[in-house]
Every structure is written in structure tokens, then in C-alpha cells.
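Index from 1, following the sequence.
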Amino acid sequence: MSKHGFKSLGLGVALMAAAAVAPAQDLVKEALASFPMDTVRLEYSSPAKLRQLQEYSRLHERYLGPSLRNLEAHLASLGVRESDLNEVVLGWQPSASGLTMEGITLGQFDPQAMARQAESQGIAATPIGSTSAYCFGSTDTAPCVAVLGRGLGAFGTLDAVHAIVDVRGGETSGLSANPSFSSLVKASRKDTAIWGVATGVAIEDWFKTGMPVQKNLPVDLGSVFKNVQSLAYSVAPTDRVRVNVEMACTSAASAGVLRQQFDTLRLFQKMAWQQQYPGVANPFEDLTIGASGSTLTLGMSTPYSALEAAKS
């Protein structure tokens, strides 16, 4: 994985008083009923499963980008620990500045206790319709959290949390009204600690952050993925981190061309890795590339030592 690759594990909560949420609730269905209709990427992760792994501390470091690490610290100020969060679903939408992210989470936290903690810390509540959010900063990009029910929360910028509240309140359409994306999510969900789907501009973005790619690639990734309609991936961390990717192309011919391009990328990446990280296990040694009809598949088994190297 790249230095951004394991940074997509979202840790956050959202503050909105609503009906109680059962622990067995399907968080992916909640995401489809919560995220805006223009969402182009969705990722599910289970911190509860990841915490059972011996290498969790490494994974925790790899999956959290700076913004989410900051959010984790903010949650601590509300009395919510990382260990209180069991499942997370992230969503991304296109914006003028790139892709913006929000998320929902399921865990063990008490809205009333969080409200009391916020008051004691001098963290003001910002009204959103009939509910409130807590924001950690005054800028448009400041992280906010809001409770959607006991044990269910949402997080993101104030605008992002507001959009989730609007979707859940029926004021705007959500992902569940997008049949193609909803079908992709339902067909792609896996019983792994991390999995997700991407379409449109999010395909190239995921590849840059989800695979341990080097800089100065000999190909233009935008042209590489122009004939890819959707991407589904799963991450299964055990003794190694195993990544499987499936890309739906516009035709069998485009899948064949894409396979040739990935063969070139594999050779370049193997050489670039050895130059940059000599003596460190190379994740591209066992990269598998396959094509069947209009579908291209990738498989990679990455040692944890490679993750540590790519972090620098």
C-alpha cells in the first residue's frame, strides 16, 4: 500500500438526537440511505475486526490520514475512544477542490455523555435542522461530528454532515436512489475487514492511494482508466495485507489493453521499488493480473515491512 493507501480507514462520529440504533444494524444500508446521490466512492471498514490483529498498530497508523487522526483526537475530547468504534463507512463526492469525504460509524458511545463532555470542554453545538453538530474549528473544512442515534454517528465538514442529515430526513435524494451505484455496492460487498467501490474520477484516485505506486509513472493514469466503468476492491490483512481488485471495463478489448498497461506498470514498479527500498520485500513480485471478458483483476500480497518502507 502507498503512504496514503491505509489512510482511508475513517474514525469519526456525528451528533444528532434520533431513535436508538440496534447494534446488529447494517451500516452499509445506512450509508446508502445517508450519503448524497453524487457519491462516487464508498468504503466499508471494521475497526473491531482490525483490532484483533497482531499488526493492528501498524494498520492503524497506515489507514489514518492527518485529517482523520485529527478527528480521532477531537473525538477523544468528547469522550469517544477509537476502541468505541466498531464499523465505519466512508463516502466521497466530487468538488471544486477534488474529492470530499464524509462518513458514518457504528459503535459504543452515549450521545448524552458526549453532550455533557462537549459542554465541559466548551465545544459549542451548531444547529442542523432539528439536530446539532460539534465542529472543531471555524473554517469550511473544519471536521464536525453529529449523533444520528445511540451508537450511530456521522462526520465530515459541516456541509457534509448537513447533507447527510438532509438525505436521512428525505429533503434530498441519497445513494439508495442511484440504482447503478447501489447495485455495485451490493454486488461487491465482502466479508473482509475493508472493502469498497469506486466509479468515475474516484477510480484513478483510489489507485493512487490504494496501491503502493511510485512517482513519475511511465503512463498517464487518466488514460489508463478512461475505459474502466467501475472498480471494486477488498483488503484482507492477516499475516500479510492482501488486496484484490476487480475492474469492469467497457469491453473485452479495453480489458485486454488495460492488462497490457498493467504489465508495463508492474515491471516499472518492480524496478522503481528496488531502487527506492533496496533489501525490502517487494510487493510487486507476486502481483497477479488477469482478464476475463470485460473484467480485469489484480491481486497483491503486501508484507508489513513494505508498508513501513512506503510510509517514509
Side-chain angles (χ1 to χ4, degrees), residues 1-2 4-5 8 28 31-32 35-44 90-95 98-99 173-192 194-236 242-272 283-302:
M1 292 286 176
S2 72
H4 303 294
S8 46
V28 175
L32 292 174
F35 291 162
M37 193 174 182
D38 62 348
T39 298
V40 292
R41 180 182 166 196
L42 178 147
E43 178 175 285
Y44 167 89
L90 301 175
W92 286 261
Q93 296 87 39
S95 70
L99 294 178
S173 298
L175 264 183
S176 56
N178 183 335
S180 60
F181 198 93
S182 297
S183 297
L184 176 63
V185 169
K186 293 172 183 177
S188 303
R189 62 185 304 167
K190 308 290 184 183
D191 186 24
T192 57
I194 302 164
W195 61 268
V197 299
T199 60
V201 295
I203 295 174
E204 180 183 347
D205 182 76
W206 178 86
F207 187 78
K208 289 178 178 179
T209 60
M211 298 288 279
V213 296
Q214 308 295 307
K215 296 180 180 179
N216 302 317
L217 293 176
V219 296
D220 173 28
L221 290 179
S223 64
V224 168
F225 294 114
K226 67 179 181 180
N227 291 319
V228 179
Q229 296 175 314
S230 65
L231 178 149
Y233 60 94
S234 63
V235 182
R242 292 175 169 81
V243 183
N244 291 291
V245 182
E246 184 174 291
M247 287 176 271
C249 303
T250 54
S251 66
S254 62
V257 172
L258 188 59
R259 179 172 185 170
Q260 293 175 349
Q261 291 173 316
F262 270 103
D263 280 332
T264 300
L265 276 175
R266 173 171 55 184
L267 292 174
F268 175 84
Q269 294 284 73
K270 287 174 68 174
M271 292 185 293
F284 293 93
E285 287 295 341
D286 63 353
L287 174 65
T288 60
I289 306 171
S292 177
S294 60
T295 300
L296 182 109
T297 58
L298 302 176
M300 177 178 284
S301 177
T302 306

Quiz item: Who pairs with F225 by ring-ring contact (aromatic ring centres under 6.0 Å, His included), at least two apart in sequence or on another chain?
Solution: F207
Exercise. Let me see the working for L258 and N227 under side chain to side chain contact (heavy atoms under 4.5 Å, CB included), right down to the final yes or no.
Key: CA-CA 8 Å; L258 188 59; N227 291 319; over 6 Å; no
Self-check item: Residues forming a side chain to side chain contact (heavy atoms under 4.5 Å, CB included) with S182, sequence neighbours excluded
Solution: L32
Quiz item: Taking V197 as the fixed residue, which of V185, L231, I203, T39 is the one that meets the side-chain contact (heavy atoms from CB on, under 4.5 Å) rule?
Solution: V185
Self-check item: A255: partners by side chain to side chain contact (heavy atoms under 4.5 Å, CB included), with sequence neighbours left out
Solution: C249
Self-check item: Residue pairs passing the side chain to side chain donor-acceptor pair (under 3.5 Å) test where at least one lies in residues 287-301, sequence neighbours excluded
Solution: R240-S301
Quiz item: Do Q229 and T199 touch side chain to side chain, with heavy atoms closer than 4.5 Å?
Solution: no
Quiz prompt | Contacts of type side-chain hydrogen bond (donor to acceptor under 3.5 Å, both in side chains), residue N244, not counting sequence neighbours | solution = none
Quiz item: Just how far is it from atom CZ of R242 to atom CG of D286, taken to the nearest 0.5 Å?
Solution: 9.0 Å
Quiz item: Can you find a pair of side-chain heavy atoms, one from L265 and one from Q261, that are under 4.5 Å apart?
Solution: no
Quiz item: Quick one: does V40's side chain get under 4.5 Å of D205's, heavy atoms only?
Solution: no
Quiz item: Going from CE on M247 to CG on L296, what distance comes out if it is rounded to the nearest 0.5 angstrom?
Solution: 4.5 Å
Quiz item: Roughly how far apart are L90 CG and R41 CZ, rounded to 0.5 Å?
Solution: 7.5 Å
Quiz item: Any side-chain heavy-atom pair from Y233 and E43 closer than 4.5 angstrom?
Solution: yes
Quiz item: Which heavy atom in Y44 sits nearest to a heavy atom in V28, and how many Å separate them?
Solution: CD1-CG2, 4.0 Å
Practice problem: Kindly compute the distance separating CZ (F262) from CG (L298), expressed to the nearest 0.5 Å. | Solution: 5.0 Å
Exercise. Nearest 0.5 Å please: distance from the CZ atom of R259 over to the CD1 atom of I289.
Key: 7.0 Å
Self-check item: Minimal non-hydrogen separation, P36 against Q93, with atom names
Solution: CD-NE2, 3.7 Å
Quiz item: Going by the salt bridge (charged side-chain N to carboxylate O under 4.0 Å, His left out) test, which pairs reach into residues 180-190, not counting sequence neighbours?
Solution: D26-R189
Quiz item: For the residue pair L184 and S188, what are the closest heavy atoms and their distance?
Solution: O-OG, 2.7 Å
